[in-house]
There are 2 protein chains.
Amino acid sequence: MTMALNVLSRSCPSNSVLELIAGKWNMLVVYALRDGTLRYSQLHTAIEGISQKMLTQTLRDLERDGLVARRVYPVVPPHTEYCLTPLGRSLQEVVVQMGCWAEQHMMEVLSARADYDGQGRTMPG
Amino acid sequence: MTMALNVLSRSCPSNSVLELIAGKWNMLVVYALRDGTLRYSQLHTAIEGISQKMLTQTLRDLERDGLVARRVYPVVPPHTEYCLTPLGRSLQEVVVQMGCWAEQHMMEVLSARADYDGQGRTMPG
DNA sequence: CGGAATCCCGAGGGATACTG
DNA sequence: CAGTATCCCTCGGGATTCCG
């Protein structure tokens, strides 16, 4: 019964923690902040295809989980900056590795997909 | 304009590759296969809370992407085994690190959530 | 045992409009 | 600029049933 610490177990908090990472945009935001502080609009530009709704929501989630720090400057027009917390930077190391893996192995994945789809599974017109 | 290789760019294949990792169950399946070969039912048991539909679908996706190998023994009752391919094992290293991060830092995340929710955001009845 | 097929609901998430 | 609020629709994914 000593299976407490296990990401595969729903009863283990690490499982829900892992879910937060698995979100579609979470990793990309952490990845985008790898070089330092960015403003909201800069994040919006850096992460292609993200809507403001999702960007805001993702940032709130990451802030809530202690991974991202938000600093608001009370000026007009508004100025808001985001950066990783120490906890966020510890995760960032793994996220960057994940990004590197994706960049390094994307061609293998693509060719695997091509093979798989070419084995008689394509839909002829 | 030399920003080709970038997981943040939708036009870069690595971006879609990263998406496949971000799926809710993909990482857990790769993680579950870290120790070697498992049968369908063993995976179903190991990964708490996954439905057979999602397990099958996730395995198909990972097989299609060249991360998981499927071996079917033509016996009755059926016997099917799954294991990581070399490509899958290269990803597995990063996934295991992600799992370790989740296990090591889950308490920090939990306490951050408690702090955030305690700052006047809870909904009193 | 290892799936495939079907049904169906709720959340995820985009588009748009508005605001301090 | 940095959000919030609302609408609305897709599809992720659970439950169930059937099959070789």
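Here is how names work: the chains are called A, B, and so on, in the same order as the sequence lines, proteins then strands, and each is numbered from 1. Source: prediction; values computed, not measured.
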Worksheet item: OP1 or OP2 of D/dG3 sitting under 4.0 Å from any side-chain N/O of A/Arg60?
Response: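 Looking at the OP1 and OP2 atoms of D/dG3, one of them is under 4.0 Å from a side-chain N or O of A/Arg60.
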
Item to complete: Would you tell me if any nitrogen or oxygen in the side chain of B/Arg70 comes within less than 4.0 Å of OP1 or OP2 on C/dG3?
Response: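 Looking at the OP1 and OP2 atoms of C/dG3, one of them is under 4.0 Å from a side-chain N or O of B/Arg70.
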
[X] and [Y]: which non-hydrogen atoms are nearest, and at how many Å?
X: B/Leu18; Y: A/Ala102; answer: CD1-CB, 3.9 Å
X: B/Arg89; Y: B/Leu84; answer: NH1-O, 3.0 Å
X: B/Tyr31; Y: B/Gly99; answer: CE1-CA, 4.3 Å

Discussion item. Side chain of A/Lys53, heavy atoms from C-beta onward: which of C/dC7, C/dG2, C/dG14 has the nearest atom to it?
Written reply: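 Nearest to the side-chain atoms of A/Lys53, counting from C-beta on, is C/dG14.
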
Discussion item. By nearest atom, which of the nucleotides D/dG3, C/dG3, D/dG14 is closest to the A/Thr80 side chain?
Written reply: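 Closest of the options to the side chain of A/Thr80: D/dG3.
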
Take the protein atom [atom1] of [X] and the nucleotide atom [atom2] of [N], then report the distance between them rounded to whole Å.
X: A/Leu55; N: C/dG14; atom1: CG; atom2: C1'; value: 14 Å
X: B/Leu59; N: C/dG3; atom1: CG; atom2: C1'; value: 11 Å
X: B/Met54; N: C/dG3; atom1: CE; atom2: P; value: 14 Å
X: A/Glu81; N: D/dA2; atom1: CD; atom2: C1'; value: 13 Å
X: A/Asp61; N: C/dA11; atom1: CG; atom2: C1'; value: 14 Å
X: B/Gln52; N: D/dC19; atom1: CD; atom2: P; value: 16 Å
X: B/His44; N: D/dG13; atom1: NE2; atom2: C1'; value: 14 Å
X: B/Gln57; N: C/dA4; atom1: CD; atom2: P; value: 11 Å

Discussion item. For a quick check of understanding: with a heavy-atom distance under 4.0 Å over all strands, which category does A/Tyr82 fall into, base, sugar-phosphate or nothing?
Written reply: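 Contact class for A/Tyr82: sugar-phosphate only.
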
Worksheet item: If you look at every strand shown and take non-hydrogen atoms under 4.0 Å, does B/Pro77 touch a base, only sugar-phosphate, or nothing?
Response: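 Sugar-phosphate only.
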
Worksheet item: Can A/Asp115 and B/Arg64 be counted as an ion pair, charged N to O under 4.0 angstrom?
Response: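 No, this pair does not count.
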
Discussion item. Tell me which residues in residues 25-43 of chain B lie within less than 4.0 Å of DNA chain C, going by non-hydrogen atoms.
Written reply: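 Those residues whose heavy atoms fall under 4.0 Å from DNA chain C, taken from residues 25-43 of chain B in numerical order, are B/Arg39, B/Tyr40, B/Ser41.
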
Practice prompt. State the CD-SG distance between B/Glu103 and A/Cys12, to the nearest 0.5 angstrom.
Written response: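 Answer rounded to 0.5 Å: 6.0 Å.
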
Fill in: A/Asp61 CG to A/Met54 CE distance, which is reported to the nearest 0.5 Å
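Reported to 0.5 Å precision, the distance equals 8.5 Å.
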
Fill in: DNA chain D: 5'-proximal contact among B/Ile50 and A/Pro78 (nearest heavy atom)
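In this pair, the answer is A/Pro78.
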
Practice prompt. Applying side chain to side chain donor-acceptor pair (under 3.5 Å) between A/Tyr82 and each of A/Arg39, A/Gln42, A/Arg70, A/Arg71, report the one that passes.
Written response: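 For A/Tyr82, the side chain to side chain donor-acceptor pair (under 3.5 Å) test succeeds with only one of A/Arg39, A/Gln42, A/Arg70, A/Arg71, which is A/Arg70.
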
